[in-house]
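Please read the structure below before turning to the comments.
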Amino acid sequence: MIPYGRQSIGEDDIAAVVNVLRGDWLTQGPEIESFETAIADYVQTKYAVAFSSCTAALHAAHWAAGLGAGDNVFTSPITFIATANAARYVGATPSLIDIDPDTLNINLARLPDTAGAVVPVHFAGLPVDLRQPSWHEEPRVVIEDAAHALGASTPDGPVGNCSRGDMTCFSFHPVKPITSGEGGMVTTNDADLAEKLRIFRSHGIVRKPEQGEWYYEATELGMHYRMTDVQAALGRSQLKRIDFFIERRNEIAERYRDKLRDIEELVLPPAAPAGFTHGYHLFAVRVERRRELFDFLRQRGIWVQVHYVPVHFHPISRDISVQPGSLREAEYAYERLLSLPIHPSLTVAEQDEVISSIKTFFS
Ligand SMILES: *Cc1c(COP(=O)(O)O)cnc(C)c1O
């Protein structure tokens, strides 16, 4: 089977994890802080706060931003359901804006002036261009969902540096750019937000040593969203190879472009504009006969996938009012989207098998 995505684990990663297992801490030890510092250095932010998943990170970011009942949180329909659920967790209302059919990213020009918050998702690893504030009035809160985009960059610098937003959330699930098994991270330049994120991830607890070394108070309704040291050690070890991972993904993408460009029925994904680096978490083509091609490739052991069933198609999204036709581009794209295998350990022979199978299908 050739999966659409998978982790790439090296001997160094294994040694890093074993090292933690032999040590004194399994959770909340020194590895968490080291991983946080490594991510903050890599994306060039002041702060990074680790979580048990990106879903937890998104929840915490919405909470730290003070979002809640009465707030509309705008995002793209073409994303994983966790993006929209974050608004729900804090009692806010998720709202959807159609995509730009060229980039498959949220079309920020459609953002209403009254938006309380926007969560741009860097779909497939192609950064949303936040440099052109198409909004007349800036939304109160900007939280980037960069689950696909660690290692991607814009002319502003690395995705996650929060130069145009408040917080950025990353995922370290095995198919994502680097993995910690499960895990997430929020980056920010705001000390106050960083502090809130830390409190939220650990039961809302604040320590008050002046009243005794043991003394702490639960000041907020927090969660238990901590990452373990085992996960952090894996994540930090993986981060050392991020540049190689991104390079490999870009090579694979270029090879797909080269070998598939003559197939008229396939729309290839948008390339990164000048000054941008694409993370290529996904290589999502668009094709009219998506269902047939999906089944054909799956039967041949090529584990293609569809990203994503639009947010408003899920029964949980009955709280989102969608005007007929308002998400036309997203629905049109969804009918055609198909993610081909792309990950750092995909071999040339495997990629050739994918390419020749697609050619066989269309011949
Ligand atoms: C994977 C993903 C998430 C959730 O990440 P987890 O770490 O699995 O919780 C959120 N948003 C997007 C766009 C994702 O792809």
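Counting starts at 1 for both ligands and their atoms, following the listed order. Just so you know, residue 1 is the first one in the sequence shown, and it goes up from there.
Q351 pairs by the side-chain contact (heavy atoms from CB on, under 4.5 Å) definition with I252, R255, Y256, L346, I355, not counting sequence neighbours.
Of the N and O atoms on the side chains of D145 and T83, at least one donor lies less than 3.5 Å from an acceptor on the other residue.
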Enumerate the pairs of nitrogen or oxygen atoms, one from ligand 1 and one from the protein, separated by less than 3.5 angstrom; state names and distance to 0.1 Å.
from	atom 1	to	atom 2	distance (Å)
ligand 1	5 (O)	S171	OG	3.4
ligand 1	7 (O)	C54	N	2.9
ligand 1	7 (O)	S171	OG	2.8
ligand 1	9 (O)	C54	N	3.3
ligand 1	9 (O)	T55	N	2.9
ligand 1	9 (O)	T55	OG1	2.5
ligand 1	11 (N)	D145	OD1	3.4
ligand 1	11 (N)	D145	OD2	2.8
ligand 1	15 (O)	H148	NE2	2.8
ligand 1	15 (O)	K176	NZ	3.0
ligand 1	15 (O)	Y308	OH	3.0

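Ion pairing between a basic and an acidic side chain is recognised when a charged N comes within 4.0 Å of a carboxylate O; K259 and D352 show no such pairing.
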Return a table of donor-acceptor pairs under 3.5 angstrom between the side chains of residues 262-278 and protein atoms on other chains or two or more places apart.
from	atom 1	to	atom 2	distance (Å)
T277	OG1	S153	OG	2.9
H278	ND1	Y280	N	2.9

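For residues 324-333, every residue pair satisfying the side-chain hydrogen bond (donor to acceptor under 3.5 Å, both in side chains) rule, not counting sequence neighbours, is listed here: H312-E331.
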Stepwise salt bridge (Lys or Arg N to Asp or Glu O under 4.0 Å) check, D190 with K46: CA-CA 8 Å; D190 185 315; K46 289 197 184 129; over 6 Å; no
